[in-house]
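Taking it in order: structure first as structure tokens, then the write-up.
A note on names: the letters A, B, ... follow the listed sequences, proteins ahead of strands, and every chain is numbered from 1. Side chains included, hydrogens not; waters and symmetry mates left out as well; all remaining heavy atoms used.
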Amino acid sequence: MGRDRKSGIEPGRGVPLVDQGRVDVEDHAPDRLRCRPVRRGPGVVGHACSLRGIALCTVTSDAVTPDPDEDLPEQMRIRREKREQLAARGKEPYAIGLPITTTIAAVRAAHPDLEPDVSTGEQVGIAGRIIFLRNTGKLCFATLRAGDGTELQAMLSLAKVGEEELEAWKDLVDIGDHVFVAGEVITSKRGELSVMADEWRMAAKALRPLPVAHKALNEETRVRQRYVDLVVRPEAQQVARTRVAVVASVRRSLSERGFLEIETPMLQTIHGGAAARPFVTHSNAFDMDVYLRIAPELFLKRAVVGGLERVFEVNRNFRNEGADRTHSPEFTMLEFYAQYLDYQDVARITREVYQEAALAATGSLSVEHPDGTVLDLSGDWPQIDLYESLSTAIGEQITPATNRDRLVRLCEEREIGFHPTAVPGKLAEELFEFHVVPTLVDPVFVMDYPVDTSPLVRGHRTKPGVVEKWDLYINRMESGTGYSELVDPVIQRDRLMEQAALADRGDDEAMHLDEDFLRAMEHGMPPMGGVGVGVDRMLMALTGLGIRETILFPLVKPGQS
RNA sequence: GGGGCGCUAGCUCAAUGGUUAGAGCUGCGGACUUUUAAUCCGUAGGUUCCGGGUUCGAGCCCCGGGCGCCCUACCA
């Protein structure tokens, strides 16, 4: 055995210290000697040695000089050597300023259907990442893929590039490298659109091998190494681009309707705007704890008080709660507010914004998911009443006045879990989620929620016990909510005092009393409609994917290495 | 939070407590001027997540830890 290939230390050669004494590793158990690389501050590398799990010493690189490449898997070591070889042969491994004349997509678009074995006479310079390589003795093929998923074949022949350049290609180019190729646009004998190279250059030598393109990466690797996922799985690119299309469309739709996009604080000193547990962090400059926002609502409303009239924001919210297929600790939220509108007006705008986004992203208002679910987003979206639909489903009249004991019993009969302190409205919503939500596939506005769960919403004009609030359900998921906003500062103060009392009693979702928000409201907050829509859930509805697939880099716990 | 399952080569996966942990692709060496996951011949590649333990012997069994997935609970 001899040399421990991981550490570069030969057992028995080093004499690690144990306390003040010494131990001869050879005499004890050489097979139990463990040495692992450690980093002690910038640039200081060493090896920590242990015997039978007992730390012995840290050997710095002065004492032991391991070959830095020795730890690497063979494939990575070879790629590093190829990088060196490029330089040795006068080639830049990471060339900049390449004479690129066009894109892969443009070449494809310009020559949609050429016959096989055709020369166009058109000279181009293109670059892309190699995803497949097929080398024969004197003719080499490479499939180059661009970021947009388009592909083009590069061909290198002995006749065109000469023996030296062809050998260099075969010796130094791997799958995963970015290469530049200049030459004529042709089709191969099999009809594949190609560039017949007069010249090739390395654009970026990849030191790590790409995953095998033909077998699916497992979900964890996809999420943790999204950059790799994006390279090998065009659908990953597609999702990222769909998000861009959706967000751009949302901005366009609202801008066209007179809304101003503004940016409100992510760091907030008071926790409010929704019922959710916040992340807490600390400002050194102000020497105080601050919250990552759970909602932009209270600031957008301040802006409307100030006369910005119609405002919106598309940005991140943070909620320190569960993470599952439909919840992410950070997620993208659209909120918009318009003075003088009510919850019916903003329901219409929400539907239009959503439909325009669906068209922009998918070209259709009928969306089919991988699991076969089909969503029909077209036309007007129906409205159902929360209490009426619940009563119908249960076969018993439920109203905001139904007493709590009855609701508790109904929940218990169905084994629906609920918080022991849950208010009656919350219990009604639980029952609704149990009975009605699973049936809501196509978009539906659920209207008129209990007042005790909606502290920021105006009371209903005619129905007692409910507020002018809707939840939008799409694909059995709550996708957005809209209100006729509460703008009466006296009522608002009462509601927020109740919230603050809940918070004092240990409810860490309850809002705190935001005096400055009330002060703004006391200056005259115009009646307004307001909406919050989960953008990630829009993506989920349009793609049928889980939330972690719609977010490019979702939060993950750090793994090994 | 509770329960179940998983972690093995660069990637995707095998492997009754019992030879030296295997396969495909990738890699490396060779052949090939029209390939499409090229093909053919040859070959290398391992801290079986980490740390303990049981055993003559552990990828497999036990204990502890890490990370993930599923179910469940909680959650504007």
Please examine the side chains of [Y] and [X], heavy atoms only from C-beta on, and report whether any two atoms are closer than 4.5 Å.
| X | Y | result |
| --- | --- | --- |
| L545(A) | L539(A) | no |
| R316(A) | R293(A) | no |
| R134(A) | T136(A) | no |

Test log, rule salt bridge (Lys or Arg N to Asp or Glu O under 4.0 Å), inputs E167(A) and K170(A): CA-CA 5 Å; E167(A) 284 309 307; K170(A) 287 198 272 190; 3.8 Å; yes
Could you tell me the Watson-Crick or G-U partner of [N], where both distances fall under 3.5 Å? Say none if there is no partner.
| N | value |
| --- | --- |
| G22(B) | C13(B) |
| G27(B) | U43(B) |
| A58(B) | none |
| C5(B) | G68(B) |
| U36(B) | none |

Is it the case that the ring center of W470(A) lies less than 6.0 angstrom away from the ring center of Y449(A)? no
What about the rings of H271(A) and F279(A), do their centers lie closer together than 6.0 Å? no
I need the [atom1]-[atom2] distance between [X] and [N], as an integer number of Å.
| X | N | atom1 | atom2 | value |
| --- | --- | --- | --- | --- |
| M333(A) | A76(B) | CE | P | 13 Å |
| N320(A) | C74(B) | CG | C1' | 13 Å |
| D324(A) | C74(B) | CG | C1' | 10 Å |
| I294(A) | C75(B) | CD1 | P | 15 Å |
| F434(A) | U72(B) | CZ | P | 12 Å |
| L193(A) | U36(B) | CG | P | 17 Å |
| D536(A) | A76(B) | CG | C1' | 14 Å |
| D229(A) | C11(B) | CG | C1' | 13 Å |

Output a table of nitrogen or oxygen pairs between the protein and nucleotides 25-29 of chain B separated by less than 3.5 Å.
{"unit_1": "U26(B)", "atom_1": "O2", "unit_2": "Q75(A)", "atom_2": "NE2", "d": "2.5"}
{"unit_1": "C28(B)", "atom_1": "OP1", "unit_2": "K82(A)", "atom_2": "NZ", "d": "2.3"}

Pick the nucleotide of RNA chain B nearest each of F331(A) and F132(A); which residue has the one closer to the 5' end?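 With F331(A) and F132(A) compared, the 5'-side residue is F132(A).
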Could you pick out which residue, G137(A) or R134(A), lies toward the 5' side of RNA chain B when each is mapped onto its nearest nucleotide?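 Looking at RNA chain B, the more 5' nearest nucleotide goes with G137(A).
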Identify, with sequence neighbours excluded, every residue that meets salt bridge (charged side-chain N to carboxylate O under 4.0 Å, His left out) alongside [X].
| X | value |
| --- | --- |
| R208(A) | none |
| R83(A) | none |
| D514(A) | R302(A) |

Considering every strand and a 4.0 Å limit on heavy-atom distances, what is the contact class for [X]: base, sugar-phosphate, or nothing?
| X | result |
| --- | --- |
| Y483(A) | base |
| E321(A) | sugar-phosphate |
| A159(A) | base |
| R548(A) | sugar-phosphate |

Could you tell me how far [M] sits from [N] if I compare only their [atom1] atoms? Round to whole Å.
| N | M | atom1 | value |
| --- | --- | --- | --- |
| G6(B) | G45(B) | P | 30 Å |
| U8(B) | G46(B) | C1' | 8 Å |
| U36(B) | G51(B) | P | 45 Å |
| U26(B) | G10(B) | P | 16 Å |
| A38(B) | C25(B) | P | 11 Å |
| C69(B) | C49(B) | C1' | 15 Å |
| C13(B) | G65(B) | C1' | 27 Å |
| U34(B) | A14(B) | C1' | 37 Å |

Looking at residues at least two apart in the chain, or sitting in another chain, which of them share a side chain to side chain contact (heavy atoms under 4.5 Å, CB included) with P234(A)?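 P234(A) satisfies side chain to side chain contact (heavy atoms under 4.5 Å, CB included) with R145(A) only.
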Before you tell me yes or no, could you show the steps for R414(A) and E412(A) under side chain to side chain contact (heavy atoms under 4.5 Å, CB included), namely the whole-Å CA-CA distance, both residues' side-chain angles and the distance that decides it to 0.1 Å? CA-CA 5 Å; R414(A) 289 156 180 78; E412(A) 284 170 351; over 6 Å; no
Report yes if a side-chain nitrogen or oxygen of R537(A) is closer than 4.0 Å to either non-bridging phosphate oxygen (OP1 or OP2) of A76(B); otherwise report no.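 So the side-chain polar atoms of R537(A) never come under 4.0 Å of the phosphate oxygens OP1 or OP2 of A76(B).
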Closest to side chain of [X], choosing from [options]:
| X | options | value |
| --- | --- | --- |
| R319(A) | U33(B), C75(B), A76(B) | A76(B) |
| K426(A) | U34(B), A76(B), C11(B) | A76(B) |
| P211(A) | U33(B), C11(B), A76(B) | C11(B) |
| T136(A) | C32(B), U36(B), A76(B) | C32(B) |

Tell me, which of residues 468-476 of chain A have any heavy atom that sits under 4.0 Å from an atom in RNA chain B? none
Between the side chains of D177(A) and K205(A), is the shortest nitrogen-to-carboxylate-oxygen separation below 4.0 Å, so that they form an ion pair? yes
